[in-house]
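Inspection log for the structure reproduced underneath, given as structure tokens.
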Amino acid sequence: MAESVYDHDQIELKWQQRWAANPALYKADAASDASAAPKYYVVEMFPYPSGRLHMGHVRNYSIGDALARYMWMRGYNVLHPIGWDAFGLPAENAAIKRNMHPQDWTRSNIQEMKKQMLRMGFAYDWATEIATCEPDYYRWNQWLFLKMFERGLAYRKKAMVNWCPECATVLANEQVIDGCCWRHETTPVEQRALEQWFFRITEYADELLKDTYDKLEGGWPERVLSMQRNWIGRSEGSEIDFAIEGSSEKIRVFTTRVDTIYGATCVILAPEHPIAQALLDDAGKAKAKHLIDARKQQGPGELIKDGAPTGHYAINPYSGERVPIWIGNFVLMDYGTGAIMAVPAHDERDFDFCTTFGIPIRSVIRPVDGALDENPKAAFCDYGITEKSGEFSGLPSADARRKMNEFAEAKGFGKAAITFRIKDWGVSRQRYWGTPIPMIHCPKCGLVPVPEKDLPVTLPYNVKFTGRGRSPLAEVPEFMNVKCPTCGADSQRESDTMDTFVDSSWYFYRYCDPRNTSAPFDSAAVAKWFPIDQYIGGVTHAILHLIYSRFFTKVMRDLGLITNSEPAQNLFTQGMVLGSDGSAMSKSKGNVVDPEEMVGKYGADTCRLFVLFANAPEKDMPWIESSVGGPRRFLERVWRFVTRNAERTADAEWVAAEGSSDADRRALRKLHQTISKVTEDFDNRWHFNTSIAALMELMNRLYEDEASLSRAALDQILPNVTLLLAPFAPFIADELWEQLGRTGPAFRQPWPQWDAELAKEDLLEIPVQVNGKLRAKIIVPIGTPQAELEKLAQADAKIQPLLEGKTIAKLIVVPDKLVNIVVR
RNA sequence: GCCCGGGUGGCGAAAUCGGCAGACGCAACGGACUUAAAAUCCGUUUUUCCGUAAGGAGAGUGUGGGUUCAAGUCCCACCCCGGGCACCA
């Protein structure tokens with residue numbers, strides 16, 4: 001075979017067809033006897049089927065694919081599935097804006113994206129493909145919902161939603177832009193209270209937090225863990241009851257600084273607090289409503305503190321003091337108890353609020369080594385020593401907190417308490433394109449779950465999408481009208497659908513048993529594959545998806561469905577792909593690059609190599625298309641080298657060089673060093689940019705000595721180069737493999753082994769420093785002993801003059817590394 | 001404000017455990033090949049100064065200090081950029 005031209009289209013289309021003809025190619029081995037290969041379960045976060053693959057996907061899936069192929073070559077039994085996160089708002093927006101049915105739109109997008117993925121050559125087992133919008137998947141969302149309802153983990157309560165008065169509809173958070181509706185940019189969004197469904201994730205808050213330390217540390221990126229810990233936001237403090245003067249009701253406040261309670265000069269309620277609503281007159285209620293709506297419209301960080309007195313008073317249970325009760329916009333209803341005691345002397349926010357409204361400031365904590373500041377200009381928030389605190393005076397903050405908690409408990413007006421920042425997960429969406437919540441509202445029996453045998457509750461197809469009014473499902477009588485399963489009375493279905501994060505919270509379990517019609521999955525099938533060995537996705541999901549799926553795992557464990565407590569042993573978060581302007585690629589910025597264009601021009605192999613070569617995968621990747629020539633030229637060089645050397649025998653020049661063992665030695669040494677380098681990159685840190693750089697170095701070396709390489713050396717070099725390339729550029733690898741006369745897919749060959757002896761350099765260049773400055777280099781055999789290095793370094797022609805007339809104070813010799821002579 | 005990342009040539013980046021800073025690639029320039037161009041192959045490319053040259057001397061990883069024989073790497077303080085959270089009591 002002679003050198004030929006690298007024609008990516010011809011090669012890649014040929015292999016795409018061959019692979020498609022063999023669907024078992026990327027199938028995991030179902031056999032589970034002890035002698036079988038060890039399992040490896042690698043999952044990349046499944047995409048939302050927008051219709052087009054974007055560069056972020058290409059990056060994510062190229063990383064995962066390289067890993068999957070490598071693990072196959074290392075002899076593992078690899079499960080590498082893919083699916084579609086197919087429910088969601090964009091489908092509905094498309095319906096409103098372009099009059100396309102969400103289901104048709106979604107299904108055709110899936111077909112389109114699947115085509116693109118096949119073109120990229122990703123090694124997925126398509127037999128496991130799932131789409132969350134199909135009833136055979138979402139029925140198990142409903143089934144899990146019912147199980148959670150049975151256990152009290154799914155419940156209903158009133159909650160605020162964004163409401164656009166113009167559309168007369170509920171808006172998702174992402175449809176609210178600067179406090180206004182996405183379709184009416186001058187209409188402020190209002191807050192309305194609706195009965196909605198929640199998952200009791202707070203029940204698992206402690207375990208979710210604890211396992212970030214006990215189970216995930218080491219396997220998950222530290223920054224993801226720290227984001228989750230902040231999100232869970234565990235906080236130790238006290239709950240204290242303030243009696244309301246002239247009422248039997250009490251206001252319960254949460255504070256982390258009960259030691260400052262003698263400095264409390266008012267109690268502040270969230271405007272929506274039920275007690276506030278009871279205490280306020282009509283004018284006060286109007287003010288409260290104003291505070292609530294205004295808060296939503298203000299961007300984060302710019303809320304100006306506002307509030308009003310209720311005209312009522314509360315009694316400090318420690319001091320017996322009478323303090324005014326206020327409402328304040330900075331007090332959050334859904335954190336703690338929705339009420340605080342304001343201690344302006346020792347809390348910045350309270351200081352701010354109280355100075356605005358002329359509420360007194362009283363210091364009760366002094367610095368450990370200072371005096372009490374009676375007229376503070378700012379809040380003193382550090383721990384210190386209590387003063388003016390009755391019987392608790394003179395104690396360090398920590399002791400005061402403990403004693404005061406004990407006191408409150410003994411007297412029955414309070415206790416030590418732990419509060420979490422994380423809230424129960426609101427799963428109701430007033431939307432069409434999601435999983436119907438399997439509940440029935442019966443006028444007689446109340447809330448009745450849909451019996452399991454009636455699942456799935458399927459989405460009706462004929463629905464009008466006006467973008468107005470309540471949930472679209474509520475307008476479909478055939479869907480809504482149903483007999484109560486308990487008493488048979490005319491009833492209404494729940495018209496809300498589930499948050500799409502429900503779909504993605506357990507999809508990787510379904511992959512293990514994707515066509516099961518009698519359960520979400522077979523427990524034994526899951527036990528075989530879980531936990532996921534490697535989960536890969538964007539850091540954008542660091543909190544929501546990754547905490548919800550951890551929650552689901554714990555719930556499913558407690559339901560007896562699975563035995564693992566965490567879904568993924570290892571998590572890898574890749575960086576974003578940035579546009580040429582350095583900001584995230586987005587349609588609105590117009591800096592999006594379509595992978596398909598690039599694949600057309602350069603081929604999928606080049607495209608994959610390009611995204612992996614640009615930089616380390618966990619870092620954000622700036623998009624500089626002009627550098628794509630590098631990876632492309634590299635593949636061309638590999639192609640030419642392998643094709644023209646595959647059968648080279650009768651070349652006179654070459655025959656003459658047959659004895660040239662130096663070239664062989666150098667080439668083989670580089671080959672084995674490269675195998676070692678690429679293997680280490682896979683095993684330790686996935687810096688594929690350096691793996692590919694190493695392959696490029698190898699090619700450069702091979703070109704240099706090409707004419708002198710022996711047949712024997714080439715017979716070792718050519719197949720190994722091909723195999724080293726296989727995880728990154730599967731098309732060219734399979735083609736070259738075939739051209740080398742081999743059979744079977746390249747990614748199923750054993751991964752090349754390196755020979756440490758062959759990889760070893762025999763001569764080393766050792767830098768010689770004088771006083772830390774590089775002055776000379778000596779060439780020595782590897783392993784030259786310390787004494788010998790000392791002698792050689794001092795004898796060097798460049799070093800000697802520098803030593804003349806000086807005394808050697810110190811001689812540092814690191815064998816095979818460097819010599820440093822310290823002179824005086 | 002708090003919590004994470006990060007700052008290295010004209011550009012993307014390497015430097016994995018404190019040991020030769022700039023591997024690999026892009027762009028640029030030069031050479032070979034060619035009637036010519038493209039492609040390809042080979043070479044140069046951090047920077048300043050001295051030298052006709054071979055070569056030599058110095059500086060250099062955001063800034064300022066420190067530890068060390070030796071610092072991009074460790075410590076302290078600060079500046080800038082990106083991301084997350086943001087009145088969480």
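So you know, we letter chains A, B, ... as the sequences are listed, proteins then strands, and number each from 1.
Contact check for A:Arg401 versus A:Tyr383: side-chain heavy atoms found under the 4.5 Å cut-off. Considering only heavy atoms from C-beta on, A:Arg632 comes within 4.5 Å of A:Glu636 through its side chain.
Within 4.0 Å of A:Leu774, counting heavy atoms only, lies no atom of the nucleic acid at all. Looking at heavy-atom distances under 4.0 Å, A:Arg632 makes no contact with the nucleic acid at all. Contact annotation for A:Asp350: no contact, since no heavy-atom pair falls under 4.0 Å across all strands. Using a 4.0 Å heavy-atom criterion, one finds that A:Arg229 contacts no nucleic acid atom at all. Residue A:Glu348 is out of contact with every strand shown, counting any heavy-atom pair closer than 4.0 Å. Heavy atoms of A:Val331 sit under 4.0 angstrom from at least one base atom. If you check every strand for non-hydrogen atoms under 4.0 Å, A:Arg775 touches sugar and phosphate atoms only.
Distances from the side chain of A:Ile340 to the nucleotides B:C20, B:A89, B:G25 place B:A89 closest. In the set B:C20, B:A89, B:C41, B:C20 carries the atom at the smallest distance from any side-chain atom of A:Glu765. Closest to the side chain of A:Ser626, out of B:C3, B:C26, B:A89, is B:C26. Comparing B:C20, B:C41, B:A89 against the side chain of A:Tyr703 picks out B:C41 as the nearest. The listed nucleotides are B:C20, B:A86, B:A89; the one nearest the side chain of A:Arg421 is B:A86.
Annotation: B:U73 and B:U16 have their C1' atoms spaced 11 Å apart (nearest Å). Across B:C33 and B:A39, the matching C1' atoms stand 11 Å from one another, rounded to whole Å. Nucleotides B:C20 and B:U61 place their P atoms 15 Å apart, quoted to the nearest Å. Rounded to whole Å, the separation between the C1' atoms of B:G22 and B:U34 comes to 36 Å. The same atom, P, is picked in B:A54 and in B:C69; the two are 38 Å apart, to the nearest Å. Separating the C1' atom of B:G56 from that of B:G72 is a span of 27 Å, rounded to the nearest Å. On the P atoms, B:U68 is 24 Å away from B:C78, given to the nearest whole Å. Comparing the C1' positions of B:C49 and B:C11 gives an interatomic distance of 27 Å, to the nearest angstrom.
A donor-acceptor distance shorter than 3.5 angstrom exists from the side chain of A:Thr310 to the backbone of A:Ile325, with no hydrogens or angles considered.
Using bins of under 30°, 30° to 60° and over 60° for the plane-to-plane angle, the ring pair A:Trp639/A:Tyr6 lands in the tilted bin.
Nearest-nucleotide positions on RNA chain B place A:Ile766 closer to the 5' end than the other of A:Ile766 and A:Gly772. Ranked by how close their nearest RNA chain B nucleotide is to the 5' end, A:Leu802 and A:Phe254 are led by A:Leu802.
At whole-Å resolution of the value, CZ in A:Phe728 and P in B:C24 are 18 Å apart. Rounded to an integer number of Å, the gap from CH2 of A:Trp231 to C1' of B:C2 is 15 Å. B:A86 atom P lies 15 Å from atom NZ of A:Lys305, rounded to whole Å. Protein atom CD1 of A:Ile261 is 12 Å distant from nucleotide atom C1' of B:A89, rounded to whole Å. Here B:G56 presents its P atom at 12 Å from CD1 of A:Ile799, a figure rounded to the nearest Å. Summarising the geometry, the separation between CG on A:Leu225 and P on B:G5 is reported as 12 Å, rounded to the nearest angstrom. Here the C1' atom of nucleotide B:C4 and the CZ atom of A:Arg223 are 8 Å apart, to the nearest Å. Summarising the geometry, the separation between CD1 on A:Ile422 and C1' on B:C85 is reported as 14 Å, rounded to the nearest angstrom.
Between B:C26 and A:Arg633, a contact under 4.0 Å exists linking OP1 or OP2 to a side-chain N or O.
Of the candidates A:Phe728, A:Trp623, A:Phe634, A:Phe688, A:Phe610 forms a ring-ring contact (aromatic ring centres under 6.0 Å, His included) with just one, namely A:Trp623.
Checked against the 6.0 Å centroid criterion, the rings of A:Trp425 and A:Tyr548 qualify as a close aromatic pair.
Listed by chain and residue number, A:Glu761, A:Asp762 satisfy the salt bridge (charged side-chain N to carboxylate O under 4.0 Å, His left out) test with A:Arg669 (two or more places apart in sequence, or in another chain).
Inspection of the A:Thr807 and A:Arg824 side chains reveals no N or O donor paired with an N or O acceptor under 3.5 Å. No hydrogens or angles considered: a donor-acceptor pair under 3.5 Å links the side chains of A:Asn700 and A:Arg637. Between the side chains of A:Tyr70 and A:Asp681, no donor-acceptor pair of N or O atoms lies under 3.5 Å.
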In dot-bracket form, how is RNA chain B paired, counting a Watson-Crick or G-U wobble pair only if both its distances are under 3.5 Å and using | for bases paired to another strand?
(((((((..(((......[....))).(((((.......))))).(((((....)))))..(((((..]....))))))))))))....
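For B:C11, the O4'-C1' to base torsion is more than 90° from 0; the nucleotide is therefore anti. For B:G9, the base adopts the syn conformation, since its glycosidic angle falls within 90 degrees of zero.
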Let me see the working for A:Glu704 and A:Lys670 under salt bridge (Lys or Arg N to Asp or Glu O under 4.0 Å), right down to the final yes or no.
CA-CA 12 Å; A:Glu704 226 167 287; A:Lys670 192 73 185 171; over 6 Å; no
Step by step, would you call A:Glu680 with A:Arg685 a salt bridge (Lys or Arg N to Asp or Glu O under 4.0 Å)?
CA-CA 8 Å; A:Glu680 270 171 36; A:Arg685 49 174 212 169; over 6 Å; no
In the 5'-to-3' direction, what one-character label does each nucleotide of nucleotides 9-19 of chain B receive under the scheme B = base within less than 4.0 Å of a protein heavy atom, S = sugar-phosphate only, - = no such atom?
--SBSSSB--B
